[in-house]
Amino acid sequence: DDVGKYGDGFALLVLELTRKVCKRDPNQKSRFVRVLFQMLSSDSAAVSYEAAWTLVSLSSAPTAVRAAAVTYTNLLNSQNDNNVKLINLERLEGLKKKHPKIIQELLMDILRALSSPNPDICRKVLDVAMDVVTSRNVAEVVTVLKREVTKTAEDSDQSSDAKGTVYRNMLIRAIHGCAVKFPDVAESVVHVLMDFLSTDGGMQVIVFVRAIVEQYPALRAPLLSKLMNTLDSVTNSNVMCVCLWILGEYCEEADSIKEAFEEITGQLGEPPFLVHPEEKVAKDKAEAEAAAGPKIVTKNVVLADGTYATQTVYNEPKKAVVDDSTPNLRKMLLGGDVFLGTIVSSALTKLCLRSSDLPEVSPVEVKDMISKTVLIMCGVIKMAEINPSPQKSSLSDCKDRLTLCTRSLLDPKATELLKPLMLTEGRKSFGAFLKKIKDKDAKKDEPEVPMTQADDLIHFRQLKAMSVQVGDMDLDDGSDLARATGYVDGGSLLETELSHVYPLSGFADPVYAEALVTVRDYDISLEILLINRTPNTLANLTVELATMGDMKIVERPQAHTIGPLDQITIKASIKVSSTETGHIFGTIVYEDTSTQEKGYINLNDIHMDIMDYIRPATCTDEVFRSMWAEFEWENKVAISTSITELQPFLNHVVSSTNMNCLTPIDSSEKGSFLAANLYARSVFGEDALVNLSVEKKENDGKLSGYIRIRSKTQGIALSLGDRITSVQREIPESD
């Protein structure tokens, strides 16, 4: 009862004693319950955190887990250190896997951590929270997310701008996930998000709107009306393409077809879509004046007292007032966006084909719409031919597509053949795509089947000889159920540990040394076993360690004295700060007490594998492309392998590098080319992007191509490239 009076250091020693005693004798657990619960409310964050995870490690009882989860949540919201927040979120994520209902009770308290300015913390909070959203709390969660999205638009200070774009995209994805799982909230969030179509998160919003329009027909009419009203504010070309596709695909009523056609043609204006020479000259002149900057004039002047002085005058040119009222859609076409022109023409063609089947639209109106559409398509092709743009290579595809659209409007036979394809097949394909994504997410959410050893002992607390005292909670409560369902790993960890044991010296050396290396995210712990193989006592035996790479030794081994043929285990701690390949090397120094000679033994290097830090992760195609364009470090690895098939080679690279394949691959399809995107994140929050492009040669059947790795830091790009180079020559194990 008096543990709290003796300070934090004593409390931490008590916790360590608790773990050791309970590990040796599980029957002693109930004696430490009161102390553990008392330490959960300690003023020291270190003591309360240690007490929480000690409690969870000793018991799977709901009362203990709930108390630990509350402690983690309080630390998450009370501590300002970002590392502390991330550690507590990791603990909460671990509890979520086995006790999701307890985390559901604390969901709103966890979401309070979204106020952190660090986007990594916000991402982790959303990862923890979104998996435990239920129909009971979804309304409250969506309300919090909507409020946070609105905040990102209101915050204008520089500090929040760094977080704003990434954070807004995360919130939109989270809201999208809630709307897919719980259709009742879709209507309440989609109209709020459509106000962000003109922002840098517009792509995420329009992808969300596209899915909602397909999945919920009852919401189509108000969403299409809102989309038409906000079309003039869209400034991103990709967002505009999706908007036009939605209008062309889902406008089915006569009024909506007319309104959409008028809105699109009104923003396009009259063809041709070319910049006039006078406008181009005026624009170039204004840009040249703006680039010239102020003119500096220096001259000598006579002051009132008759002395001379130098006077410098800055003449800034007046900024030309440009009255640019051109709609954004027309601006994009004038800039040479060939792909957008193709999308516009396809959308107008669909509207014309649908209007011909509606009795509310007169034949005269239909012919007027068709004539305007054909003129616009002619203007788009003329623009694509004349305008020098990066999309010049798309000219032939644009011509073929617009020729097909023109024939479907003007040729009755072509109309009869192409009309069903253009009006129904696109929507069917998109519906199948959404269904595939939903099935994939559902498969991912399926709980793993717990595994346990058949000969594991099950401890039945009902048969215990010692009864639990009144007022105490048995820490072993629920362990029988946990073991029976396989949540407690009863198997030996010997095989796992042996794979991380490194011999540091040989059997012929006076001192044999081997190290057990344990990697825990940011920390590497070394347990070094030293065996004196001589008949003499060795004094002042010290293991002097050094590191290469981004590693720092925190706790160095102390000097020890070892008797003849005796052994001792010493520990060392190393802090890791980035994902890159590192080396640990050192020397053993000792004194032989009988001969008074000093001895030295050089140790083998310990090579730290980058795979200890890489974790498979997932992201959307839009986020992958934006990171690919942003990251500056690239490592290009040529493919040289004995594997002769495309799919096995991809699987081998994915499994050997702990990456996640983002590209859906159909194993039934056969071909000679394969391109795939792989993604992973390190425990330090670093992103690793890999693009694999491989071709099977026809003459000799060998694989050739390149694997390109991109990351924000040089270390992960080089280390991952070395890993891929070494494993691609290996022969994968057959299943």
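Heavy atoms only: backbone and side chains are in, while hydrogens, waters and symmetry mates are out. What you see is a predicted model; the values in this text were computed from it and never measured.
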- Donor-acceptor side-chain pairing of Arg123 and Tyr167 below 3.5 angstrom: no
Quick one: pull up [atom1] in [X] and [atom2] in [Y] and give me the separation to the nearest 0.5 Å.
X      : Y      : atom1 : atom2 : answer
Glu93  : Ile110 : CD    : CD1   : 10.5 Å
Leu126 : Leu114 : CG    : CG    : 5.0 Å
Leu703 : Gln728 : CG    : CD    : 10.0 Å
Met659 : Ile724 : CE    : CD1   : 7.0 Å

- Task: Scan for side-chain hydrogen bond (donor to acceptor under 3.5 Å, both in side chains) pairs involving residues 533-545, sequence neighbours excluded, and state none if there are none.
- Result: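 Those involving residues 533-545 are Asn532-Thr534, Asn536-Asp592, Asn536-Ser594.
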- Message: By the side-chain hydrogen bond (donor to acceptor under 3.5 Å, both in side chains) test, which pairs, at least two apart or in different chains, include something from residues 68-88?
- Response: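 Counting only pairs at least two positions apart or across chains, no side-chain hydrogen bond (donor to acceptor under 3.5 Å, both in side chains) contact touches residues 68-88.
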- The single option from Asp509, Leu504, Ile528 that satisfies side chain to side chain contact (heavy atoms under 4.5 Å, CB included) with Leu603 is Leu504
- Could you point out which residue of Leu75, Ile102, Leu106 forms a side chain to side chain contact (heavy atoms under 4.5 Å, CB included) with Val70?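 Single pass found, and it is Leu106.
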May I ask you to decide if [Y]'s main-chain N or O and [X]'s side chain share a donor-acceptor pair within less than 3.5 Å?
X      : Y      : value
His652 : Val727 : yes
Ser48  : Ala45  : yes
Gln596 : Thr593 : yes

Identify the heavy atoms of [X] and [Y] that sit nearest to each other, and give their distance.
X      : Y      : result
Thr547 : Met551 : OG1-O, 3.1 Å
Ala129 : Leu111 : CB-CD2, 3.7 Å
Ile121 : Ala113 : CG2-O, 4.3 Å
Leu678 : Phe624 : O-CE1, 3.5 Å

- Got a salt bridge between Lys712 and Glu632, using NZ or NE/NH1/NH2 to carboxylate O under 4.0 Å?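 Not counted as a salt bridge, because no side-chain N and carboxylate O are separated by less than 4.0 Å.
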- Query: With a cut-off of 6.0 Å (strictly less than), are more than 12 heavy atoms of other residues, nucleotides or ligands near CD of Glu634?
  - Reply: yes
What I'd like to find out is whether the side chain of [X] reaches to under 4.5 Å of the side chain of [Y], using heavy atoms alone.
X      : Y      : result
Asn691 : Ile707 : no
Arg710 : Trp633 : no
Ser525 : Glu555 : no
Ile601 : Pro510 : yes
Ser505 : Asn604 : no

- Checking salt bridge (charged side-chain N to carboxylate O under 4.0 Å, His left out) against Glu90, which of Lys124, Lys96, Lys97 comes through? Lys124
